[in-house]
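In what follows, every chain begins at residue 1, and chains take the letters A, B, ... in the order their sequences are listed.
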Protein chains: 2
Amino acid sequence: MKSSLKISETVVRRLPIYLRYLNELSMRNVQTVSSQELGNRLDLNPAQIRKDLAYFGEFGKKGIGYDVSYLIEKIRQILKLDQTINVALIGAGNLGVALCNYNMYQKDNMKIQAVFDNHPDKIGQTINHLTVLPLSQMHEKIRAENIRVGIITVPASEAQNVADQLVEAGIEGILNFAPTIIKVPEHIRVHYADFTADLLSLAYYLE
Amino acid sequence: MKSSLKISETVVRRLPIYLRYLNELSMRNVQTVSSQELGNRLDLNPAQIRKDLAYFGEFGKKGIGYDVSYLIEKIRQILKLDQTINVALIGAGNLGVALCNYNMYQKDNMKIQAVFDNHPDKIGQTINHLTVLPLSQMHEKIRAENIRVGIITVPASEAQNVADQLVEAGIEGILNFAPTIIKVPEHIRVHYADFTADLLSLAYYLE
DNA sequence: TAGATTGTTAATCGATTAACAATC
DNA sequence: TAGATTGTTAATCGATTAACAATC
């Protein structure tokens with residue numbers, strides 16, 4: 001385990017991709033997989049996959065490949081998904097509600113434990129067993145429930161304000177669906193789920 | 001215009017980000033912006049922004065900066081957003097419905113013109129003025145409406161099947177929200193809106 | 001043993017950034 | 001003119017890939 005090394009962001013971003021396919025293999029009772037097979041399926045170079053995994057340890061066996069279950073366990077450890085991570089969602093609009101109901105991350109140990117919205121129509125409603133709370137209760141709830149990640153699904157115009165409140169409440173990471181760049185202190189991690197940019201850039205490649 | 005040059009994907013992906021902020025400036029009646037200001041706001045290196053734009057032409061004025069309206073116009077041309085691009089959405093679940101209602105890309109000239117789903121409960125329902133059609137009508141409708149892009153919001157297990165049908169119907173690009181890698185012919189462009197990977201990789205950086 | 005596949009080094013490729021002449 | 005800022009080159013930095021000894 002070379003955990004002293006600084007691992008690049010591009011490497012970390014591939015780990016969930018590996019994990020997902022490994023889970024699929026596991027469900028099909030496949031015992032072992034090679035970097036070759038992984039690469040084929042995921043459109044990645046096998047050498048890259050081996051190198052990615054080698055940053056974290058020696059998980060494979062020469063001549064054999066990787067034990068599927070063992071590698072799943074290891075990647076989950078690396079991503080810190082061996083513990084439950086509590087998540088709050090802010091913005092109970094169409095997208096927010098969709099993500100709450102999705103809740104497929106639950107099997108990955110990330111669980112939406114609270115939903116916030118300031119719209120009077122929304123407050124008090126129930127979404128997937130969770131009552132929508134006003135933003136004024138965010139600080140208290142986030143601390144009480146040990147929530148460490150916030151998902152922002154409010155309009156772009158409100159995203160920075162919500163981010164500020166999340167930081168203030170002691171959140172450690174943010175997944176921002178609002179189509180805007182937000183400013184947070186150094187120690188807060190922000191990922192962008194920017195599907196409008198994904199869609200618009202697609203137009204460039206047409207025809 | 002050095003349009004012969006092969007532009008890298010990372011450059012193209014930043015164009016919608018520029019466009020978005022330029023639109024904001026335009027609405028605030030800002031006439032001119034420097035790469036410095038853009039970089040500040042978007043957390044990007046000013047040299048990178050100048051280089052990105054210079055791939056497509058000389059849009060700025062030395063000593064002055066970029067004319068906001070002119071640059072918006074140019075970026076829209078580059079991304080081919082000066083024409084309307086018709087889009088189909090496949091999978092009228094929570095997420096699909098959310099994206100239909102969103103339809104904020106409409107102002108960017110990408111418009112969802114058809115919605116498909118095979119679930120009997122869904123077929124015939126109306127979502128944002130569009131009637132949900134069965135997949136069996138996809139081929140015909142896509143050709144009739146000149147639809148060039150497909151958004152996949154079905155479960156991962158069905159994504160490849162839907163992608164195959166989209167390709168068969170003559171689609172040119174796909175935005176895939178299903179958490180799985182899909183295989184398509186060389187000439188089809190696929191972008192991934194993989195927010196579960198964004199969320200899981202966030203866990204790595206906590207604490 | 002022979003075949004397969006890892007972990008890792010070295011080579012390549014591509015992206016970012018600094019620096020600055022050109023010029024508004 | 002003096003100050004600001006572009007477009008572009010060169011330097012740096014980082015990521016991908018090929019190749020192969022080690023070994024199951």
Novice: Counting only heavy atoms not in Gln83(A) (residues, nucleotides, ligands), do more than 12 fall under 6.0 Å from its CD?
Specialist: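 Yes, CD of Gln83(A) has more than 12 neighbouring heavy atoms, counting only those of other groups under 6.0 Å.
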Novice: Does the cation-pi check pass for Lys74(B) over Phe56(B), that is, NZ or CZ under 6.0 Å from the six-membered ring centre and within 45° of its axis?
Specialist: no
Novice: Just how far, in rounded Å, is C1' of dG14(C) from CD of Gln48(B)?
Specialist: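 It is 13 Å, rounded to the nearest whole Å.
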Novice: Name the closest nucleotide to the Ser35(A) side chain, picking from dG7(C), dC24(D), dT6(C).
Specialist: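 Nearest listed nucleotide: dT6(C).
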Novice: What is the distance, rounded to the nearest whole Å, between atom CG of Asp52(A) and atom P of dG14(D)?
Specialist: 17 Å
Novice: Which nucleotide, if any, forms a Watson-Crick or G-U wobble pair with dT6(D), using both distances under 3.5 Å?
Specialist: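 Per the H-bond distance test, dA21(C).
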Novice: Decide if atom CD of Glu73(B) counts as having more than 12 heavy atoms of other residues, nucleotides or ligands within a radius under 6.0 Å.
Specialist: yes
Novice: From the options Leu19(B), Leu42(B), Ile49(B), Asp52(B), select the one residue that forms a side-chain contact (heavy atoms from CB on, under 4.5 Å) with Arg14(B).
Specialist: Asp52(B)
Novice: When both hydrogen-bonding distances must be under 3.5 Å and the geometry is Watson-Crick or G-U wobble, what is dC13(C) paired with, if anything?
Specialist: dG14(D)
Novice: Closer to the 5' end of DNA chain D via nearest nucleotide, is it Thr10(A) or Ala47(A)?
Specialist: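 Mapping each residue to its closest nucleotide by heavy atoms, the 5'-most match is Thr10(A).
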Novice: Just compare dT6(C), dG7(D), dT17(D) and give me whichever is closest to any side-chain atom of Tyr66(B).
Specialist: dG7(D)
Novice: The side chain of Arg14(A) lies closest to which of these nucleotides: dG7(C), dT16(D), dT8(D)?
Specialist: dT16(D)
Novice: Heavy-atom nearest nucleotide on DNA chain D for Gly63(A) versus Leu44(A): which residue maps closer to 5'?
Specialist: Leu44(A)
Novice: Out of dT6(D), dA10(C), dT17(C), which nucleotide sits closest to the side chain of Ser34(B)?
Specialist: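 Minimum distance to the Ser34(B) side chain belongs to dT6(D).
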Novice: Rounded to whole Å, please give me the gap between CD in Glu9(B) and C1' in dA15(C).
Specialist: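 These atoms are roughly 13 Å apart.
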Novice: Figure out the CD1/C1' separation between Ile49(A) and dA15(D), and round it to whole Å.
Specialist: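 About 15 Å, once rounded to whole Å.
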Novice: Please state how far atom NZ in Lys6(A) lies from atom C1' in dG14(D), giving the value in whole angstrom units.
Specialist: 12 Å
Novice: Check the phosphate of dA15(C) against Ser8(B), side-chain N and O only, distance under 4.0 Å to OP1 or OP2. Yes or no?
Specialist: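 So the side-chain polar atoms of Ser8(B) do come within 4.0 Å of the phosphate oxygens OP1 or OP2 of dA15(C), strictly under.
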Novice: Starting at CG of Leu53(B) and ending at P of dG7(D), how long is that distance when rounded to a whole Å?
Specialist: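 From Leu53(B) CG to dG7(D) P: 7 Å.
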Novice: Of the nucleotides dT6(C), dG7(D), dA10(C), which one has an atom closest to the side chain of Lys51(A)?
Specialist: dA10(C)
Novice: Roughly how many Å is it from CZ in Arg50(B) to P in dT23(C), rounded to a whole number?
Specialist: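 It is 16 Å, rounded to the nearest whole Å.
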Novice: Tell me if the centroids of the rings in Tyr102(B) and Phe177(A) come within less than 6.0 Å of each other.
Specialist: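 Aromatic pair excluded; centres sit 6.0 Å or further apart.
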Novice: Quick one: Lys62(B) NZ to dG3(D) C1', roughly how many Å, whole number?
Specialist: 16 Å
